[in-house]
Protein chains: 2
Amino acid sequence: MKRAEEGQAGALTMQKIAELAGVSAMTVSRALKSDASISPETRARILDIVSRIGYVPDATARMFASRRSGFVAALVPSLNNSNFADTVRGMEEAFGPAGLQLLLGDTEYSLSREEDLISALLQRRPEAIVLTGGVHTPAARQMLAKAGIPIVETWDLPKAPLDHVVGFSNEAAGAAMVHYLYERGRRNIGFIGGATNLDTRGSERRAGYARAVRELGLSRSRVVTFGKPPVTMSQGGEALDLMLKQWPEVDAILCVSDLSAFGVLMECQRRGVAVPQRLAIAGFGDFEVARCCHPRLTTIAVDCQGIGRRAAEIVLSALEAKKSGEVLPPETVVMPFEVVARETV
Amino acid sequence: MKRAEEGQAGALTMQKIAELAGVSAMTVSRALKSDASISPETRARILDIVSRIGYVPDATARMFASRRSGFVAALVPSLNNSNFADTVRGMEEAFGPAGLQLLLGDTEYSLSREEDLISALLQRRPEAIVLTGGVHTPAARQMLAKAGIPIVETWDLPKAPLDHVVGFSNEAAGAAMVHYLYERGRRNIGFIGGATNLDTRGSERRAGYARAVRELGLSRSRVVTFGKPPVTMSQGGEALDLMLKQWPEVDAILCVSDLSAFGVLMECQRRGVAVPQRLAIAGFGDFEVARCCHPRLTTIAVDCQGIGRRAAEIVLSALEAKKSGEVLPPETVVMPFEVVARETV
DNA sequence: CGAAGCTGTGTTAACGATCCCATCATGGGG
DNA sequence: CCCCATGATGGGATCGTTAACACAGCTTCG
């Protein structure tokens, strides 16, 4: 019964096509590959039959026979974040045409969840894996090393990379924004970010803030941490309250992301705090909301999609090299970031 | 060389484990399944060896041998949209524990891209497929019917469902918001949405708007369409300009999503248009930005994550039924939506 | 003109797990 | 004491495709 239904599709196999075309299964297989040696006439005849009868090759069997899964695993802290979604899109753009399927995992900013996902995804024998960030559990590092596939860490510049890297220095970005605020005359600069170190990129930005404040000889650092990542817009607003209570003299706030910066901005409007006259606000990530809100948010722009695209290109060339037995030496691509001056500073 | 590296992991097979444990490969297989008939001692001994030596079963081979892929395909119009990202998260929460891996595809609001993705994903022999919306190309419908797997269409209530449905009436939602605006005394209500019919949910909402305007006997409908989906925040602002030029008397605007509504709101602030006194604004989707902006956006809330979770539950029960040869009758789950009154109306 | 190389195709043997059935103990009931 | 049900394990066959090699028929070139 169930068999019969599936029979239509399930029974269709290369062998059947081969019989219809009067060739061997192998020839059908060759007809479906672009680079195989087969006469144009035979290929045309087979492809015609294939399309007319609606045969779809079984990718599972192909993977199994060729020992190539056609998968690339990618882990992001959150899919519900336009920056990472852009990176995923960049990867898809490059992997799709190459016939590679992206296996996505959402770590929810948790290293242990990352470890679980790595172990689960490795069962699928991906041909490469793209990670976000440079911090992983020891078990995860071990599994990855043992997997023997190209690895790309993104969005960060790890001290001890596992393999390839496509990222930028979040620490430098944080410092750069402090310098920008300083240039614009701000002297009492605060920082709002997450309460944990789970978002390592956020922690790096905070470290950059602290370094710059020290370097510039500003009297003290004013840091309000709030909530687990991802830090929400609303939490930005709540953090502003704490910030103003503790350091009423603060005249500029650097936020871990545009989302929290937006929350701060809206809370300022509710309280009648003049932005940027009384308080300057800076974000990170150049989210759409930062370009559109009023006043427009000064922020740091990164080419998120470019990170994904570059990561994918590295994976593709590593896989290409692997065909001829080579192993590409680890490569680190440093992506630029840019302070985007708008209206909140 | 390359072989040698992979040798560590690649050479490990059930046969090896079986030899080490002094049993047959079949017994190792049983030890790794939870419901197989095997003695507790044997299982414990095998599992001990497995974990000590770090053997990871090859999911590809398992898929192939058991004719079960462990995949569920899911197509969304855009990953970079918090509503759909939430739906994906809802699915992941339900599929993960069930050992199913989500294969995600991003249709970019294009039916032909959806068709391509369906054809590509079907090669992976997913056990079920979750789609967004109820409109698909004829070729796509045919492929899906032929695949003989459970299908769930989400985020809409298709007239002719392919199989199961978890959605709500976008048309009714659009109409409901018009009625709400009417109750609040607005009589000159406009609509801002995308210029194409690619976003079928958006088109439905517009249809609901048009119907409600007619029903309420409002003099005319005022529709500004702008850009391809996804309609951005900035496009909302630009559309406001067109709206005010064409119909200066408009006193309320219903937007296809919170993102465009937010763009409208910000543009109002730049122009000094008082919201809601002079102009009421309503959005759709209850995005975080709607909850956090100032003034807070009146919108329509849907349980996006719940849609994903319910869709996954239906898939799981359909797969469960399939084991015993049954085919579940098509089920339609209507999710509620709710007008969330805030400060822009 | 024969050796060598190329092209197009077929044959065979995997790939690594699971399925189905057979087999062998073991123990309880007649 | 024997028979049969039950539980635990093993032995092949098998899933659909591709890799590797074989080979026939041509062309090319010394």
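Labels below follow one simple rule: chain letters A, B, ... track the order of the sequence lines, proteins then strands, and each chain is numbered from 1. The figures here come from the full heavy-atom set of this structure, side chains too, leaving out hydrogens, waters and symmetry mates.
One interatomic measurement links the two molecules: CZ of B:R68 to C1' of C:dA17, which rounds to 14 Å at whole-angstrom precision. B:M14 has its CE atom 13 Å from the C1' atom of C:dC19, to the nearest Å. If you take NZ of A:K33 and C1' of D:dA20, they are 13 Å apart, rounded to a whole angstrom. As a whole-Å value, the separation of A:L32 CG from D:dG16 P is 16 Å. Note: CZ (B:R67) to C1' (D:dA13) measures 11 Å, nearest angstrom. A:Q15 has its CD atom 13 Å from the P atom of C:dT12, to the nearest Å. A straight line from CE of A:M26 to P of D:dA20 spans 11 Å, rounded to a whole angstrom. Rounded to an integer number of Å, the gap from A:M63 CE to C:dA17 C1' is 13 Å.
End-to-end axis angle of the helix from C:dC1-D:dG30 to C:dG30-D:dC1, using five pairs per end and rounding to 10°, comes to 40°.
Within 3.5 Å, no donor on the side chain of A:R125 pairs with an acceptor on the base of C:dG16, nor the reverse. Judged by distance alone, with hydrogens and angles left aside, B:R30 brings a side-chain donor or acceptor within reach of the base of D:dG10, the pair sitting under 3.5 Å.
Not less than 6.0 angstrom separates the ring centroid of A:F71 from the ring centroid of A:F95.
Close to C:dT18, at under 4.0 Å from its OP1 or OP2, lies a side-chain N or O of B:R62. Here B:S66 does not reach the OP1 or OP2 of C:dT18: none of its side-chain N or O atoms lies under 4.0 Å away. For the pair A:T27 and C:dG8, the criterion of a side-chain N or O lying under 4.0 Å from OP1 or OP2 is not met. At the phosphate of D:dT18, OP1 or OP2 sits under 4.0 Å from a side-chain N or O atom of A:S29.
Shortest non-hydrogen contact noted between A:L111 and A:H136 is CD2-CA, 4.2 Å. Closest approach of B:M91 to B:A74, counting heavy atoms only: CE-CB, 3.7 Å. Taking both residues in full, the closest heavy atoms of A:G134 and A:P158 are given as CA-CG, 3.6 Å, listed atom of the first, atom of the second, then distance. Nearest heavy atoms, B:S78 versus B:F84: O-CB, 3.5 Å.
A:Y55 is listed as a side-chain neighbour of A:M14, based on a closest heavy-atom distance under 4.5 Å.
For the side-chain contact (heavy atoms from CB on, under 4.5 Å) criterion with A:V23, the lone passing option out of A:I17, A:T42, A:I38 is A:T42.
Checked by atom type and distance alone, the side chain of A:T132 pairs as donor or acceptor with a backbone atom of A:L75 at under 3.5 Å.
Less than 4.0 Å separates DNA chain C from no heavy atom of any residue of residues 52-61 of chain A.
Side-chain proximity of A:A65 to C:dC19, D:dT17, C:dG10: nearest is D:dT17. Candidate nucleotides C:dC20, D:dA19, D:dC15 were compared by shortest atom distance to the side chain of B:F64, and D:dC15 ranks first.
A:S37 comes within contact range of at least one nucleobase, with a heavy-atom separation under 4.0 Å.
Among residues two or more places apart in sequence or in another chain, the side-chain hydrogen bond (donor to acceptor under 3.5 Å, both in side chains) test is passed with B:S24 by B:T27.
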Report the C-alpha separation of A:V130 and A:T87 in whole Å, then their side-chain angles, then the decisive distance to 0.1 Å, and conclude whether the side-chain contact (heavy atoms from CB on, under 4.5 Å) test is met.
CA-CA 11 Å; A:V130 179; A:T87 299; over 6 Å; no
